[in-house]
Protein chains: 2
Amino acid sequence: MQEWNRHNAIADFVRNRRKKSDLTQIELADVTGVGLRFVRELEQGKPNLMTDKINQILLFFGHTLTPTPISDETRRNMGA
Amino acid sequence: MQEWNRHNAIADFVRNRRKKSDLTQIELADVTGVGLRFVRELEQGKPNLMTDKINQILLFFGHTLTPTPISDETRRNMGA
DNA sequence: CATTTTTATACCCGAAAAGGTATAAAAACA
DNA sequence: TGTTTTTATACCTTTTCGGGTATAAAAATG
């Protein structure tokens, strides 16, 4: 199995935005409609996730999964 | 089941880049190491896909999946 | 036109994700 | 310190993705 990387673009984004919004994992799961376990595995950096579940969460923060150049990976979404 | 949307950011990106590279779906599957069926389902806009499989393909084009703000372009393809 | 190449749809199966929940660990707080 | 809140880990079940392959449709090529 691939190793979990807690610090990847998606996990970091969700964790940071969630905390900025003063939400617990439970609240985020509740408001986005995904399972609590999914929120946790996502933030822990589980490598294999379903795109539509991720988008369910990202949509709450006004974002979505898109292909981006690798060089821009870190820079692109640090705003907001 | 969710409807397939052939024209989403990921599907369009892969289809366009593949054609620019003059590759068939078979060749892209072969060179990226993912199954042929996956390439087809991705380009057809299957909503539920595994992130690491997508990234296997995007990596070949120097890209990766990241959360990006919902722009007019992405919102245009969200239906309704 | 016919023929070849490429893409799309359908089927079965194994593997793994996602959900729910219980419990343990950690963090926040008084 | 002790208490409460939040987060992390573990187990089990159901669901479904992804691979492989066969076939059909569509597109390209002569």
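Below, chain A is the first sequence line, B the second, and so on; all start at residue 1.
- Counting only heavy atoms from C-beta outward, the side chains of A:V34 and A:F60 never approach each other to under 4.5 Å.
- Residue A:L23 contributes atom CG, which lies 11 Å from atom P of D:dT6 at whole-angstrom precision.
- Here the CG atom belonging to A:D12 is positioned 8.0 Å from the CG atom belonging to A:N5, to the nearest 0.5 angstrom.
- Using modelled atom types, no side-chain atom of A:T51 and backbone atom of B:N48 make a donor-acceptor pair closer than 3.5 Å.
- When the C1' atom of D:dG20 is taken as reference, atom NZ of B:K53 falls 13 Å away, rounded to whole Å.
- Taking 4.0 angstrom as the limit, B:Q25 places none of its side-chain polar atoms (N or O) nearer than this to OP1 or OP2 of C:dT5.
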Q.
Go through it in stages, so that I can follow the logic: the residues are B:V31 and B:E27, the test is side chain to side chain contact (heavy atoms under 4.5 Å, CB included), and I'd like the CA-CA distance, side-chain angles, deciding distance and then a yes or no.
A. CA-CA 6 Å; B:V31 74; B:E27 290 168 327; over 6 Å; no

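- Looking at heavy-atom distances under 4.0 Å, B:L49 makes contact with sugar-phosphate atoms alone, never a base.
- Using a 4.0 Å heavy-atom criterion, one finds that B:R15 contacts no nucleic acid atom at all.
- With sequence neighbours excluded, no residue satisfies salt bridge (charged side-chain N to carboxylate O under 4.0 Å, His left out) with B:R17.
- Among the protein residues, B:Q44 comes within range of the sugar-phosphate backbone only, with heavy atoms under 4.0 Å from sugar or phosphate atoms but none that close to a base.
- Note on the helix from C:dC1-D:dG30 to C:dA30-D:dT1: angle between the axes of the first and last five pairs equals 70°, rounded to 10 degrees.
- Heavy-atom nearest nucleotides on DNA chain D were determined for B:N48 and for B:R40, and the one closer to the 5' end corresponds to B:N48.
- Scanning for salt bridge (charged side-chain N to carboxylate O under 4.0 Å, His left out) contacts around A:R37 gives A:E41, with sequence neighbours left out.
- Between A:F38 and B:R37, it is B:R37 whose nearest contact on DNA chain C lies nearer the 5' terminus.
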